[in-house]
Number of protein chains: 2
Amino acid sequence: MSKIRVILAEDQAMVRGALAALLNIESDIEVVASVSNGDEAFRAAGQHRPDVLVTDIEMPQMTGLELATRVRELYPVMKIVIVTTFARPGYLRRALEAGASGYLLKDRPASELAEAVRRVHQGMRVVDPGLAAEIWNAEDDPLTERERQILRRAGEGETTAELAKSLRLSEGTVRNYLSEAISKLGAANRIEAARTARAKGWL
Amino acid sequence: MSKIRVILAEDQAMVRGALAALLNIESDIEVVASVSNGDEAFRAAGQHRPDVLVTDIEMPQMTGLELATRVRELYPVMKIVIVTTFARPGYLRRALEAGASGYLLKDRPASELAEAVRRVHQGMRVVDPGLAAEIWNAEDDPLTERERQILRRAGEGETTAELAKSLRLSEGTVRNYLSEAISKLGAANRIEAARTARAKGWL
DNA sequence: CAGGAATTGTGACATCTGTCATGCGGCCGT
DNA sequence: ACGGCCGCATGACAGATGTCACAATTCCTG
């Protein structure tokens, strides 16, 4: 029986190495490449054509979610497992829309990783049970693209004036978007709004 | 030759399991316990008396820095290695003050972990080279306790009025502290100030 | 095509934020 | 014991922020 061929994408070198070691212990799994960002992962996927791509979400160059989308388009048979720190319904939803077969949290026992790889390889879906329950009653993102963009940057300390200048909008318009976002999210100010949105995985 | 006995403290189960696997591959190292927070780590340290304690910083119950301090007091021979995501000079400084013998980043190759464990066990110090250079010219925290406290909460979206009420201060006073903090950090507003302070490991 | 949603804009207003000057009492170190 | 920082406070002011009402344009959808 041939081994399940896996590519591993994760930006923290030590964690990447450790996860690779973990998977390589399994006699039916072989890590054929391990890379540190979305770009490299995309190239490695084309070159190695693995059975399963295991990827983090938050990485430099290209996030795991974009990576999933692009890999799915080009190599539809390749299975994708997202492994992330973040239990955000918004992320899970986007991951599933992007065509991921698995979504599991770094909070879960290490043994679940190899098991998840095997299952998606057999065509099954593996989703963190707690999150799967949440996704049904989770509201979806009420923000428009512009609102998201502005809120994200406002949450990083950019002032209204800076936002207006860099986005070529009037200050009044920027204030309007922020006001809208704040009210949609039931927050008291831009800071709280940004935190709320981030926590739900909408930014 | 007896193995180096190690306790591993890290809150994300999957990462913890993977790091344990990584260390256990080494023939001269044995992970005698692996735990998910500072409290458990403290108890495990008393029970197992390991040679080396490998710990993350950001954990529930007790941070790795507090843990290091307390373990050092009670068991001075035990060596401590901090393994963290955060390349913050403030963290490194506090780690060394707390008596840690090693400080390495999850960004570094997996192979460095086992090597660091061996070195600190032999009485050497292991500090991430990039950070070690930075610590000499790194300014230290200019904030007073009050400023820190207020800035932390302001950065989480609490308004001036809420802060004043919950800290039993006048609104004007809260604004004064924020103003002071903003100016000390060279920021444009409370949001940027909070981010800056956080990035340096001062919050 | 009509209607709706998103984008952008203006003006006016109330409130919140950030700054500055100034003052007082307490505590620490020399 | 005295100077200097810290914590706390006030008052006043300018500028930033949040809210509201209203409107023009574009683009998509039924």
Side-chain angles (χ1 to χ4, degrees), chain A residues 69 90 93-94 97 138-203, chain B residues 90 93-94 97 139-203:
Chain A
T69 309
R93 163 162 311 195
R94 281 197 265 162
E97 279 165 7
E139 339 88 292
D140 39 321
D141 187 349
L143 302 174
T144 71
E145 191 47 42
R146 250 324 191 208
E147 286 161 359
R148 235 193 312 284
Q149 181 188 26
I150 289 178
L151 188 56
R152 188 181 314 119
R153 299 172 60 166
E156 282 161 14
E158 279 189 65
T159 64
T160 309
E162 286 164 353
L163 283 164
K165 191 168 299 170
S166 78
L167 298 176
R168 317 265 181 104
L169 296 175
S170 81
E171 287 199 29
T173 304
V174 172
R175 289 217 298 281
N176 283 340
Y177 283 129
L178 283 169
S179 181
E180 256 305 297
I182 290 165
S183 111
K184 281 179 178 175
L185 298 174
N189 55 49
R190 52 178 75 191
I191 311 178
E192 204 187 318
R195 286 178 61 88
T196 305
R198 227 179 278 280
K200 305 243 185 188
W202 294 336
L203 288 193
Chain B
R93 162 163 310 196
R94 281 197 264 162
E97 279 165 8
E139 337 89 292
D140 38 318
D141 189 347
L143 303 174
T144 68
E145 190 48 42
R146 256 310 199 219
E147 287 162 359
R148 237 193 312 284
Q149 180 188 28
I150 289 178
L151 189 55
R152 188 181 313 120
R153 298 172 61 166
E156 282 161 15
E158 279 188 64
T159 64
T160 309
E162 287 165 352
L163 283 165
K165 190 168 298 170
S166 78
L167 298 176
R168 317 270 180 100
L169 296 175
S170 83
E171 288 198 30
T173 303
V174 172
R175 290 215 299 281
N176 282 158
Y177 283 129
L178 283 169
S179 181
E180 256 306 296
I182 290 165
S183 111
K184 282 179 178 175
L185 299 174
N189 53 52
R190 53 178 75 190
I191 310 178
E192 205 187 317
R195 286 178 60 88
T196 305
R198 226 178 279 281
K200 305 241 186 189
W202 294 337
L203 288 193

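No experiment lies behind these values; they were computed from the predicted model shown. Order of the sequence lines sets the chain letters (A, B, ...), proteins ahead of strands, with each chain counted from 1.
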Rounded to the nearest Å, what distance is computed from the [atom1] atom of residue [X] to the [atom2] atom of nucleotide [N]?
X: A:N189; N: C:dA14; atom1: CG; atom2: P; result: 21 Å
X: B:R190; N: D:dG15; atom1: CZ; atom2: P; result: 19 Å
X: A:L185; N: D:dT19; atom1: CG; atom2: C1'; result: 16 Å
X: A:L167; N: C:dT7; atom1: CG; atom2: C1'; result: 13 Å
X: A:I150; N: C:dT8; atom1: CD1; atom2: C1'; result: 10 Å
X: B:I182; N: C:dT19; atom1: CD1; atom2: C1'; result: 10 Å
X: B:E158; N: C:dC16; atom1: CD; atom2: C1'; result: 16 Å
X: A:L163; N: D:dT17; atom1: CG; atom2: C1'; result: 12 Å

Practice problem: Determine, for nucleotides 5-12 of chain D in 5'-to-3' order, which nucleotides have protein heavy atoms under 4.0 Å from the base (write B), from only the sugar-phosphate (write S), or from neither (write -). | Solution: --SBBB-B

Quiz item: Where do A:P142 and A:L185 come nearest, in terms of heavy atoms and distance?
Solution: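 Taking every non-hydrogen atom into account, CG-CD2, 4.2 Å.
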
Quiz item: Taking C-beta and beyond as the side chain, do B:R146 and B:N176 meet within less than 4.5 Å on heavy atoms?
Solution: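 B:R146 vs B:N176: side chains apart.
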
Quiz item: So do the side chains of A:I191 and B:E156 get within less than 4.5 Å of each other, counting heavy atoms only?
Solution: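 Heavy-atom side-chain distance check fails, nothing below 4.5 Å.
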
Quiz item: Within the pair B:T160 and C:dC16, is there a side-chain N or O less than 4.0 Å away from OP1 or OP2?
Solution: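 No, outside the criterion.
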
Practice problem: Return no unless some side-chain N or O of A:T159 is found under 4.0 Å from OP1 or OP2 of D:dA16. | Solution: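 False: A:T159 side-chain N/O out of range (4.0 Å or more) of D:dA16 OP1/OP2.
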
Quiz item: Does the pair A:R93/A:D141 count as a salt bridge with the N-to-O cut at 4.0 Å?
Solution: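 A salt bridge is absent here (no side-chain N lies under 4.0 Å from a carboxylate O).
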
Show me the donor-acceptor pairs within less than 3.5 Å that the side chains of residues 161-169 of chain A make with the rest of the protein, sequence neighbours left out.
from: A:E162; atom 1: OE1; to: A:T159; atom 2: N; distance (Å): 3.0
from: A:S166; atom 1: OG; to: A:R153; atom 2: NH2; distance (Å): 2.8
from: A:S166; atom 1: OG; to: A:E162; atom 2: O; distance (Å): 3.4

Practice problem: Only counting residues at least two apart or in another chain, list the ones meeting side chain to side chain contact (heavy atoms under 4.5 Å, CB included) with B:I182. | Solution: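 Residues passing side chain to side chain contact (heavy atoms under 4.5 Å, CB included) with B:I182: B:A187, B:R190, B:A193.
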
